[in-house]
Each structure stands twice: as C-alpha cells, then as structure tokens.
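Below, read A as the first sequence line, B as the second, and so on, with proteins coming before strands; counting in each chain starts at 1.
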Amino acid sequence: MEYNFLEIEKRWQEFWAKNGTFKVETDPSKPKYYVLDMFPYPSGAGLHVGHPLGYIASDIFSRYKRLKGFNVLHPMGYDAFGLPAEQYAIQTGQHPAHTTEKNISRYREQLDRIGFSYDWSREVRTCDPSYYKWTQWAFLEMFAHWYDLTAQKAKPITELISIFEKEGNTKINASCGDITLFTAQEWEKMSESEKESTLMQYRIAYLGETSVNWCAALGTVLANDEVKEGLSVRGGHPVEQKKMKQWQLRVSAYAERLLNDLDKVDWSDSLKEMQRNWIGRSEGAEMIFKVSNGSDEYDMVIFTTRADTVFGVTFMVLAPESEWVEKLTTPAQKEAVDEYVKAAGRKTERERIAETKKVSGVFTGSYATNPFTGEQIPVWISEYVLAGYGTGAIMAVPAHDSRDYVFAKAYNLPIKPLIEGCDVSQESFDAKEGVMCNSGFLSGMNVKEAIPAAIEEVEKRGVGKRKVNFRLRDAIFSRQRYWGEPFPVYYKDGIAHPMSIEDLPLELPEVDKFLPTESGEPPLARAADWNYKGYPIEKSTMPGFAGSSAYYLRYMDPKNDGTLVSKEANGYWQDVDLYIGGTEHATGHLIYSRFWNKFLFDLGYVCKEEPFKKLVNQGMIQGRSNFVYRIKGTNKFVSLGLKDKYDTTEIHVDVNIVNNDKLDIDAFRKWMPDYANAEFELESGEYICGWAVEKMSKSMFNVVNPDMICENYGADTLRMYEMFLGPLEQSKPWDTKGIDGVNRFLKRFWRLFFENGNFALSDAEPTPQELKTLHKLIGKVESDIENFSFNTAVSAFMIALNELYDLKCNKRAVLEPFIVLLSSFAPHICEELWTLCGHEGSVSAASFPEYCEEYTIEDTFEYPVSFNGKMRFKLLLSKSLSAAEVEAVVRSNENTLRYTAESPIKKIIVVPGKIINVVI
RNA sequence: GCGGGCAUGGCGUAAUUGGUAGCCGCGCCAGACUUAGGAUCUGGUGCCGUAAGGCGUGGGGGUUCGAGUCCCUUUGCCCGCACCA
C-alpha cells in the first residue's frame, strides 16, 4: 500500500474538525498547560513557508503535552486591525472589514493544511466588536484608575477624589503629570473643568499634550517602537516630532515592576536584556541649580547619575523644547535662541540622527549657580539634550562626559578635570574609576564611594534628592486612523467623559472614505451623525498593540459576554506556560502586554502578575534566492562557473523553477516572455544558478509557499523538515532541496509496517537490540522536546528508523510506541498507522512504555591511554561494567578509580552512562 | 560607541557539556533492480596522500594528561540600542 499523504492528511484533518478532537474545557482533574502562538496579522500575501515555523514548534509541544496527560489550551486567532487593510481600502474603496475577512479565510485554509491542533472554537479576532468590547473596557478601567507609587499599585480614581477632598494632594505619591500642590480647601474651590484636568494628570489612561512621532504620509502618530531610524516601520515614511494632544497609557508607572519581574520569567537572556535596556533604569540624583536671567531667579532641577562630578560643572545645557528656554533667554540673546529653537523644531527625527556628530548650540544669556562651589556658570541650549528624558536640562561636566566635552571644545568652555592623573587634553575621562581631586569634601575618595557620598551631601544640604529615572515613556495611544478600536469617550463642554460600560462595545461607524477629512481630522470625523447621547465621540482610534495586549486572557473564556475572563476560567488556565513568537515584539507587544496584565492584576481581574511564563523566540526563515547571469546586451545566459568570462548582469530567478541550483531551462523560457528565446551556455550540460540568502519576498522570487510543499510532499514532511532545518531559535534560509530527506524518512517509516503490500505487524517479543533502539529513542526525543531541540529529535527518529531497518524489526511492541512518539511531529501519518494497528480514534499514549535507562547503554569500547606522570581522568563508565572488570585494570575507590604502579593501564574500557573520576 | 550572539566538511547541522570531532540529512561518487527514474535498495564520502601516515572546529596564544567546548587576544559576520546625562 502506497503512502498517499494527500488522501491521508485530508481525511484526518476532516476527522479532527468533525470530532472536535482539540476542543478543551476547564478540567480540574487534569493539570493544565497553555501553549500560545503570537497571533498573526492576516496580510493579503498569505503565509509563506517561514511563518509557520513557530506554529509548528508550538503544535509539536502541544501534542506532546497532551500525550503526557495535560489538558492543553492551544488557541489561535487574528490580530486583525491594522494599517495595510486600511491603505488598501483607501486605494480601492473596499471596506477593511471585507479585506480582512477575505485574508483571514485564506490564512485559515493555509493553517488547516498544515494540521495544527488548535481549538478553533476559541478563535478571537481583534476587529470583532464582541472582542474589542474588552479592549475598550480595559481602556475605561485605566481611565478610572491612578497609580500609587508608594503602594506600587493601581487604585480607583474615586479613592483619589476622596483623598483630595480630605487633605488635598500634598501627601500623595503618584505617577502623574505636572501638578501643583493643593489643599482640600483649594480642591473644593476648583471648577468642574479644573478638577477634571487635575484628575487627568493622574489617570492611567490620560489625555495629554506630548511630543509625538508624526508621520505625515500615513496621517497619524506612531509609538516609539513603530519608528526606526526616523522612518515608520510600516511603509518606511519619514517621521517628525510634533506637539499634539493624545491619549496615553501611563506605562512608565509600571517601569520598576516591569523591570524587576523579568527575573521571574523564563525568557532568553537576550530578550530580557533588550527589555531592560528599553526600560532603562538609572540611579542618580535630581539637583537644584539656582538660575538667573538678570532680573528673575528660579530653581532649576536637573538629573545626573554622576553627582560626584558636581565640582567640575562648567556650564548647563537645556533641550531646545525645554520650558526653561523662554524663562532664561535674555533679551540680548533672544534672536539667536529663537532661531535655534525654530530650526531644531523643523528637523525630523531622521535629520537629527544624521547630524548626531555635529555640535550645535546657543547661549541663553543666563547663569546658574553651582550649589557646591557657588561659581557662576553659563546656561546653554543644545539639541544633544533630550526634552523627554530626566528634566530636559543637564549639568555639563566636560572633563568626564564625552558629549559635554565635544560641546565644550566647540564653544570654548572650560574643562575642569576631577580625577587624579587623568588626561583630558584629547578626550574626556568617562570611566567611573580613579581618585577624586579638586572636589572639596569628595577629594581623595574613590569614584565608587564618591557617587553615594555626593548624593548624601546633596540631600543633607537640601539642594536635591536621590532619584531613579527610566527611559521607558508612556505609550501614545491615539492613532488618526479608521481601522482600529474606537475610544469609548465623548466630549461635553470640552471635557472627556467615559461612556458607560453597559454601552460597550462602541462600534466603528461607517464612513464614505477612509481618508482624513479636508480639515485634517481623522477619518472617523466623516461619520457626521456619530454621537453618544448627542455628544461628539473621540475621533481617533486605538493603536495595533491595544487588541493584542490581552488576547491570551480572552482565549481562556472567549464567549463570555459579561466579563473579559471569568474568575473560574482564569483560575484554571492561569497564565501562558509557553509562548512562541518572534523577537520583533521585544519592545512593543511584550512590554505592553505585561503592563496591561499587571494593571488587570492590580484590579484583581487576573491571578498572575506575569502573563508569559516561558517564551521562545523562533528564528526567521530567510529566502534563498537564485540567480542567472545574462551577458550584457544579449539574451544569452551563462552558467555560474563561466560567468567571469563575460560581462554579465545578475538576475533573480524564481526559485520554484530551480532544483538543487540547476535551472529548469524549459520552465525558465516559459517563465517570462522576455526569456522565451533565451540562449544558454552550460557547464557539463547543465545550467548552474548562483544563490544568496535574502529576505523572503516576492520581488526576489524566493517565496516558497507552504501549500505547494503540502501538495508535493505533505504536511507531515513540511512539519518535520521545518524542524530539521536547524535550531528553532536560529535564523536560517529556507532551502527546499533538503526536504527529500525527511520525505524519504516518512515513506520508509510507512513501509516498515507493510510486507508485500499488506499491513503486517508481528506480535512477537522484541529483542533486546530492538528494545534498546526504542528506549534510546524515547529518552532522546522526550529530552529534546523538553529542551526545544526539535532538530536533533528529528535526527533521532531517523537514526532509530535506520536501526530498525537493519534489525528488520516489525514488532508491534516497538512500532506502536514509535508512532506515539512521532505523532507530535507527523500527526497525519501516525493517526493513519495507529488506526491500521487496530486502534480506535486518535493516537494516545495510554499504554506507552516508560523510558528505561537500562536500554540506553552503548556497547563498551576501549579507550587508549598513555601516561606521563600525574593524570586526572573523568570517564564515562557503564553501570553494567562490573566491579571485577574495573578491578582488573584499576583499583576502585568509591567514585574515584586510582591507578597504582602495580596495575599499569594500557587501556580503559569506557562506556557512556556514568561519570567517574579516575585519578592516576 | 554600548550591549548580546555566532564562526565546525561542498551545504544545513551534531557532539554525552572538558573525554574517539563530523551523528543525522542534503549533495556528490560507485553499484543493484529497472525500458526509464526526480522511485527503491547497497556501499563510499572532512582534507592531503597510491599507501603507511599526516593535517584538521576563523587566526594567534594560554590552562589541562586531554580543548570545538574554559581563559586571553585578534579577525569576520549577525541582532538589539543609540546623544538616556
């Protein structure tokens, strides 16, 4: 009987769907295991062979855990709001919902062909109103809460109001915007709108003026992680800084917890490090400098991590956007300052980056007083100081900070070294080491002691305080687009009000066009009579990360209309045990999601503080492009080895008409009309193509489609081959040519069960050799799966199969366990063989043999040894190696075998299994 | 510039974690069965050498009886961050 994978795979996929094989319910009698994939954005291009890599790995793990007796939650859904569908709508007028729907069904078809064990009854789509109801709900909860830094917890805003009423805000330690202190009486006297704008400074979801990344081409703002090198990640359009009023999430309030709790999760070190850098905690001090513009005097606060260098401050620098600029600019300097600030404002982020090396700045005309030396020092403005970090103002210590140094050299400002023996004639001395000098009470101290000593003194003198700063900013939450979640917010007398939770979801209105209005308002402004109880509704929509921040919770209880996730469902499924996805979400989704989860945790809606216990980043699968070489000015193509003889142009050729780097010449002639009459210069009768590893993309003709692989080789082959390609976490190019190996393996595996075309298994007792092969396989595959080393597990299957062929083994007691082991990787063929073995339904591990170490012992082998003097040996000795055998060559002493002069050793018999030290 | 990672046959990789380097697969070579093979099976395949033998994990050095693995140094590639005071 032939291995007809097309028929087998289709039949079993239907069987699983019909029987709801992978549907799960909460079941307290079984341990739970939650395996999650990062759900895809359903793009119009469909899946290429690189996309399912992580899905295959997670599916293997899910099936494995099921066999191990776990109740496995393994859901899938779609991150369905997004820019491409909207861009497509702008071009074609087709509604994004329609495009999205179409793309989703294409994705679903492709996913189904690969044989995933998803519980599709739990599917979620972020663009579905019954789903985004809970995105909007979470936003309203954030609106209704503030963050208490003392308690490190989100609390209801109603509690804050009663505190205000009782004692004002003087004792409150909250994460908030710029506020002035007030008493209970002053709070009482505030108008309704004053009270609201005060509360807005405290809310976790708040509306505030901020400098945003504005992308004019897309007509919307972008988050920091959506911008790379001054260009939008999606589309690559230029992005500039602009001040706008935007909804924001107070992610920065959670910075400390987001940082600390990284220690609790099992993620790769590199990913944790990326998050740590993104959060960017730095300890230092805020210091107050008295500044004067000649008429008025102010207290200006700066942040520094090097309080110890305060004796070397020779000037101060403000960011051009700093609010101090206006106050400190003297009339004489006004013109120069205005021009500088204007020029800086005009620049895009990209231009600023490009000019990083250039130094520019302007003097304000004002002077500050060094709180320790009393010296008068000039206050400058320069772009190298960022408005968004610290207080937007710094004390400059050119001797010990390279940026200050460059600036001081450019504008001829004094440089005052503070560390004994350091040379600052060519560059600054940035290292935090050495002995301080010229530094008053700090002189003579080591830098490491001087830093805390300086901060202590700052606090003692009342000129500042210890302070921890974070780079993590609040998340800009407004997008001026159509295809996103609407904000459940309306405006009354210019004040933002939350809608009632009962009125959720607030659905997207229909619009005639998906473009901004002529007056520059977001597309939603086109819905003329869209209102809430007669009041206008917020016109921007939420960003992409809104819908993906809590989807893993919704999977636990996807149909619940009363709450995001019930206490029971959340209590059972708890958190994601294994999350598989790409690194590209390291500083976006994976931060927002953790923030969102912590917020819901504070409110008591979820029981776990961290959402993703273990995270594995699968590597990217790149394309492997092929090239042909055309002699310039002709239609003649020369094979790779001959191309240097001519002046040629390298041209991408479709990898699907190249086999093993050999061009299918007929297919090439048919591929494009231009090549119909192409001529070829061959080597050894063949046309050899060049190749390169590049991103998989249509324009490089290197896209390989999973459907095509399923059609030609089968889903089981695809699954195993993707795993066999190399370590899961490593990036690697796709190369179809190696696929025959795993395909051959499956065909041979199938044939093992047949004799003369008939299914035939022997019920005879297996031989020790056969059992050894089986148990070696069990041990290897189980440990490999647990360690996510899927490539070596596939090798182990191949080795075992080779051995079974050598042994001509067709014993049921060996092959049935083999099926069980393999079924995670190649489920279809295993289901089929399992049925042929006479079992009802899907593969199960009910009578699976336990891994037995006894059968793992390799044959002993002799290890040649040469001695010269003292040796320490660490040997792998078999437990089957009898004491007498060992005694014959060395004298045993517990775990140490001691060589003696009386028993000269020429050889030691070595067997893997146990480590024993041999001291000679 | 800072941080993280990687380097092994023609190719993808493996190596019991300091113990016979190159498992498994691709490709290639030879053979069998075949009208045929993009089917199947058998054998071979790190490099040099007819062989004996020698050389071999990017380069150099070190520790060790022993190093792909540990340490120092150097080169090359990949990823992340980037004026964060």
Using a cut-off of 6.0 Å, state whether more than 12 heavy atoms not belonging to [X] lie near its atom [atom1].
X: A:Glu427; atom1: CD; answer: no
X: A:Glu755; atom1: CD; answer: no
X: A:Asp263; atom1: CG; answer: yes

4.5 Å side-chain heavy-atom contact, [X] and [Y]:
X: A:Leu822; Y: A:Met720; answer: yes
X: A:Leu615; Y: A:Leu590; answer: yes
X: A:Ser360; Y: A:Tyr340; answer: yes

I want to verify a distance call: between [options], whose nearest atom is closest to the [X] side chain?
X: A:Arg748; options: B:C24, B:G27, B:C41; result: B:C41
X: A:Arg751; options: B:U40, B:C83, B:C24; result: B:U40
X: A:Lys747; options: B:A14, B:A85, B:U40; result: B:U40
X: A:Met798; options: B:G25, B:C41, B:A85; result: B:G25
X: A:Leu386; options: B:C83, B:A15, B:C26; result: B:C83
X: A:Arg471; options: B:U40, B:A82, B:C83; result: B:A82

What is the base-pairing partner of [N], counting Watson-Crick and G-U wobble geometry with both distances under 3.5 Å?
N: B:G19; result: B:C65
N: B:G43; result: B:C29
N: B:U57; result: none
N: B:G80; result: B:C2
N: B:U34; result: none
N: B:A7; result: B:U75

Separation of A:Thr717 OG1 from A:Tyr3 OH (nearest 0.5 Å):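 The OH atom of A:Tyr3 sits 5.0 Å away from the OG1 atom of A:Thr717.
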Approximate separation, where rounding is to 0.5 Å, of A:Tyr687 OH and A:Ile665 CD1: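 It comes to 9.0 Å.
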Determine the interatomic distance between [atom1] on [N] and the same-named atom on [M]; round to the nearest Å.
N: B:G56; M: B:C48; atom1: C1'; answer: 11 Å
N: B:U45; M: B:G10; atom1: P; answer: 16 Å
N: B:A51; M: B:G58; atom1: C1'; answer: 32 Å
N: B:G37; M: B:U57; atom1: C1'; answer: 39 Å
N: B:C77; M: B:C83; atom1: C1'; answer: 27 Å
N: B:G18; M: B:A32; atom1: C1'; answer: 46 Å
N: B:G68; M: B:C55; atom1: P; answer: 14 Å
N: B:G22; M: B:G9; atom1: P; answer: 14 Å

Measure the distance from [atom1] on [X] to [atom2] on [N] and round it to the nearest whole Å.
X: A:Asp430; N: B:G1; atom1: CG; atom2: P; value: 14 Å
X: A:Tyr405; N: B:G1; atom1: OH; atom2: C1'; value: 17 Å
X: A:Lys272; N: B:G80; atom1: NZ; atom2: C1'; value: 17 Å
X: A:Tyr713; N: B:C26; atom1: OH; atom2: C1'; value: 12 Å
X: A:Phe790; N: B:A14; atom1: CZ; atom2: C1'; value: 17 Å
X: A:Asn712; N: B:G38; atom1: CG; atom2: P; value: 16 Å
X: A:Met720; N: B:C24; atom1: CE; atom2: C1'; value: 11 Å
X: A:Asp806; N: B:C24; atom1: CG; atom2: P; value: 11 Å

Remember a base hit wins even if backbone is also touched, and classify [X] as base, sugar-phosphate or nothing at under 4.0 Å, heavy atoms.
X: A:Asn802; value: sugar-phosphate
X: A:Lys780; value: nothing
X: A:Asn791; value: sugar-phosphate

Among A:Tyr805, A:Phe818, A:Phe754, the one residue meeting ring-ring contact (aromatic ring centres under 6.0 Å, His included) with A:Phe749: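 Of A:Tyr805, A:Phe818, A:Phe754, ring-ring contact (aromatic ring centres under 6.0 Å, His included) with A:Phe749 is met by A:Phe818 alone.
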Name the pairs: protein N/O against N/O of nucleotides 9-12 of chain B, kept only if under 3.5 Å.
{"residue": "B:G12", "atom": "O2'", "partner": "A:Leu725", "partner atom": "O", "Å": "2.6"}

Interface with RNA chain B, restricted to residues 273-283 of chain A and to heavy atoms under 4.0 Å: A:Glu273, A:Met274, A:Ser282
Toward the 5' end of RNA chain B, by each residue's nearest nucleotide, A:Lys662 or A:Thr304: A:Lys662
For B:U17, glycosidic torsion class - syn if within 90° of 0, otherwise anti: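 In terms of base orientation relative to the sugar, B:U17 is syn.
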Anti versus syn assignment for B:G80, with syn defined as within 90° of 0: anti
Below 4.0 Å: OP1/OP2 of B:A85 and any side-chain N or O of A:Tyr384: no
Please check this pair: side chain of [X] against backbone of [Y], looking for a donor-acceptor N/O pair closer than 3.5 Å.
X: A:Thr309; Y: A:Val397; value: no
X: A:Arg473; Y: A:Arg471; value: yes
X: A:Ser428; Y: A:Asp430; value: no

A:Thr583, A:Val265, A:Thr587 screened by side-chain contact (heavy atoms from CB on, under 4.5 Å) with A:Leu271, the one that passes: A:Thr583
